[in-house]
Every structure is written in C-alpha cells, then in structure tokens.
Amino acid sequence: MAKLFRAVIMGPPGSGKGTISERIAQRFGLARLSSGDFVRENIAANTDAGVLAKTYIERGLLVPDHVMTRLLLPRLEEMTRHSWLMDGFPRTLAQAKALNSTCDLDLVISLNIPYETLKERLSDRWIHPASGRVYNMGFNPPHVQGRDDISGEPLIQHDDDKPEALVARLRHYKDVAKPIIDLYKSKGILHTFSGTETDRIWPYINSLLSTKIPSTSQTDTQRIPMP
Ligand SMILES: Nc1ncnc2c1ncn2[C@@H]1O[C@H](COP(=O)(O)OP(=O)(O)OP(=O)(O)O)[C@@H](O)[C@H]1O
Ligand SMILES: O=c1ccn([C@@H]2O[C@H](COP(=O)(O)OP(=O)(O)O)[C@@H](O)[C@H]2O)c(=O)[nH]1
C-alpha cells in the first residue's frame, strides 16, 4: 500500500484554507476534513456536543478543547487507511498535543495573509453548507447568484463572518496559533506561505506537495461524510 500522507492547513479566518484545501484535495486526491463542517453538522443534528458548541460559536469563540477532541479524534481513528488534509484543527496547543498522540503529521501549511485582506474577503464569503464549497462575489462568484455551481442549492453566509464576531476571532487566532506554529516549526514540518491572493500562493503549495505525494487523476473533491 502507498505511504499515507497526513497534513494540516492553518491560517486565520479568511486566509484561504478552505479554497486551498479544495484545490489540494482535487489535485492530490486526499480526503478533506474540516473541523468547522464537522461542528456545524453536529449543530444541525442537535447532538449534545453540537448544542454546546453552538453557544460558543454564536459569540465568536472557539469551542472548548475537550469538546473538539471528543468530536474529532475518534473520527481520525476511523481514517487510519486514508491520506487526509485537515482544515481547522488543531487550533490550540492542547489540540495539537492531542493530535500528536493520535498520528504523525507529514506536513503543516501555514497561511500568512494581511488583516485588511481577511476583512474584505469574509464580508463577501458565501458557502454551500452541504459540500463546504466557498465563493466570493469578487474572487470566485457562483455561475448563478446565490446558488451552488454543482448542486444549484442556495448559498449561505456564516453568522461568525459578521464583523462583530470576526474581530474577536482574528485576535484570538494570533494568540493561540503562535505556540502551535512554534511546535510544528521545531518538528521541521512547517511551511509558511505569505501573500494577498490564493492564485499566487497556490503554485508554491502545488510544487511542494508534488515533491511529497503523487498526483491523481481525481477531479472531484473527496469529502468523507461525517457519522
Ligand atoms: N479546532 C477547533 N477548536 C475550537 N473551535 C473550533 C475548531 N474548529 C472549529 N471550531 C469552531 O467552529 C467554528 C466554525 O469553524 P470553521 O472552521 O468554519 O471556522 P471559521 O472560524 O469560520 O474558519 P475559517 O473562517 O477560518 O474558515 C469556529 O469559529 C469555532 O468556533
Ligand atoms: O485569493 C483569494 C482566496 C480566497 N478568497 C475568498 O475569501 C474567502 C475566504 O476564503 P476561505 O473560505 O478559503 O478561507 P478560510 O476561512 O477557510 O481560511 C472566500 O469567500 C474565498 O472565496 C478570495 O477572495 N481571494
């Protein structure tokens, strides 16, 4: 069996993690895992953890570590035979340590994007909740306004992209990300990419990953349904 590949993508809200994850998943055939999608699915399904998580998300806060690790680690244990790319986890040092005890990461991508760019992008971000596909009215608008290109279903905006929640989220990101970044740097697996446009960053990520994983002919993002 080919060697499995496990990667994490980090960056503040709006830095392009979702956009880049989708490209990586399509180009390299990795399973794409998103902690945010997982939390939202739990909220929609009214699970105990979902109801609890909602009270934090509404205030622009992170969900507590013990809730997140309880939700995600069993999920990762089911993925022992898949290569994957995780977006949104770990978001704290405690989560990074918990992840560390579950699996060995091969690579961490960290995105470094100016604050003004983040604010502009998020005020105009639209999402197809079922697939996680993201649109931006300027950068990658849907073919039909307000509708997902593939399913035709309605697009939504996240409550936590509102400016009130956003400022708190950005401040919080800076504080909590630094020790995680330092940890991955010390392990020698951190790769940082800076810039204002995903299209300009992407070729560098693409060539880095090409040296680490074989590309596939897969054209559709592989999203593993959450239980
Ligand atoms: N690893 C995590 N730890 C704590 N809370 C999390 C984690 N992942 C997701 N959440 C919660 O779920 C919310 C939505 O997750 P999602 O990844 O979509 O976040 P986001 O902040 O909108 O991300 P981004 O804007 O960076 O794509 C977060 O704002 C946070 O409250
Ligand atoms: O170069 C870019 C990359 C992304 N986006 C948009 O910015 C928003 C945030 O991107 P994404 O959801 O990928 O970021 P994340 O929050 O996952 O890091 C989305 O509306 C994207 O369409 C953009 O306008 N230009």
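Counting convention: from 1, in listed order, for ligands and their atoms alike. Because the structure is predicted, anything quoted here is derived from the model rather than measured.
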Ligand-residue contact atoms, ligand 1 with Lys17, heavy atoms, under 4.0 Å: 24 (P), 26 (O)

Straight-line distance of Asp87 CG to Glu22 CD, nearest 0.5 Å: 11.0 Å

Looking only at distances, can you tell me whether any N or O atom of Arg169, backbone or side chain, sits closer than 3.5 Å to an N or O atom of ligand 1? yes

So, regarding Val39 and ligand 1 (criterion: nitrogen or oxygen to nitrogen or oxygen, under 3.5 Å), is there a contact or not? no

Quick one, Asn42 with Thr47, criterion side chain to side chain donor-acceptor pair (under 3.5 Å). Give me CA distance, side-chain angles, the key distance, then yes/no. CA-CA 6 Å; Asn42 273 271; Thr47 65; 2.9 Å; yes

For ligand 1, which atoms have a heavy atom of Leu62 less than 4.0 angstrom away? 4 (C), 5 (N), 31 (O)

Which of the numbered atoms in ligand 1 are under 4.0 angstrom from any heavy atom belonging to Arg40? 14 (C), 15 (O), 16 (P), 18 (O)

Least distance between heavy atoms, Ile113 atom then Ile201 atom: CD1-CD1, 3.9 Å

Is the closest N or O pair between Gly88 and ligand 1 shorter than 3.5 Å? yes

Can Leu122 be reached from Ile156 by stepping across I, L, V, M, F, W or Y side chains whose heavy atoms are under 4.5 Å apart? no

For Asp175, does the CG atom sit with more than 12 other heavy atoms under 6.0 Å from it, leaving out its own atoms? yes

In ligand 1, the atoms that come under 4.0 Å of a heavy atom of Gln95 are 1 (N), 2 (C), 3 (N), 4 (C)

Check each protein residue for a heavy atom under 4.0 Å from ligand 2 and list those that pass, ordered by chain and number. Pro12, Pro13, Gly14, Ser15, Gly16, Lys17, Gly18, Thr19, Arg121, Arg125, Val134, Tyr135, Asn136, Phe139, Asn140, Glu197, Thr198

For Asp161 and Arg121, what are the C-alpha separation, side-chain angles and deciding distance, and is it a salt bridge (charged side-chain N to carboxylate O under 4.0 Å, His left out)? CA-CA 10 Å; Asp161 280 349; Arg121 287 181 183 178; over 6 Å; no

Of the listed options Arg91, His158, Glu58, closest to atom 19 (O) of ligand 1 (non-hydrogen atoms): Arg91

Going by the atom numbers of ligand 1, which of them fall below 4.0 Å from some non-hydrogen atom of Ser35? 7 (C), 8 (N), 9 (C)

Less than 4.0 angstrom from a charged side-chain N to a carboxylate O is my criterion; do Arg133 and Asp148 meet it? yes

Could you name the option among Val67, Val63, Ile127, Leu118 that has the heavy atom nearest to atom 4 (C) of ligand 1? Val63

Can you check whether His82's main-chain N or O pairs, donor with acceptor, with Arg6's side chain at less than 3.5 Å? yes

Give the contacting part of Arg125 toward ligand 1: side chain, backbone, both or neither, where contact means a heavy-atom distance below 4.0 Å. side chain

Out of Lys97, Gln95, Arg91, which one pairs with Leu93 under the side chain to side chain contact (heavy atoms under 4.5 Å, CB included) rule? Lys97

Please report the interatomic distance OG(Ser35) to CZ(Arg75), rounded to the nearest 0.5 Å. 13.0 Å

Under 4.0 Å to a heavy atom of Pro13 - the qualifying atoms of ligand 1, by number: 24 (P), 25 (O), 26 (O)

Testing the basics here: between Pro90 and Val8, what is the closest heavy-atom pair and its distance to 0.1 Å? CD-CG1, 3.9 Å

Checking the side chain of Lys17 only, and the main-chain atoms of Pro12 only, is there a donor and an acceptor separated by less than 3.5 Å? yes

With nothing but distance in play, are any N or O atoms of Ser34 less than 3.5 Å from an N or O of ligand 1? no

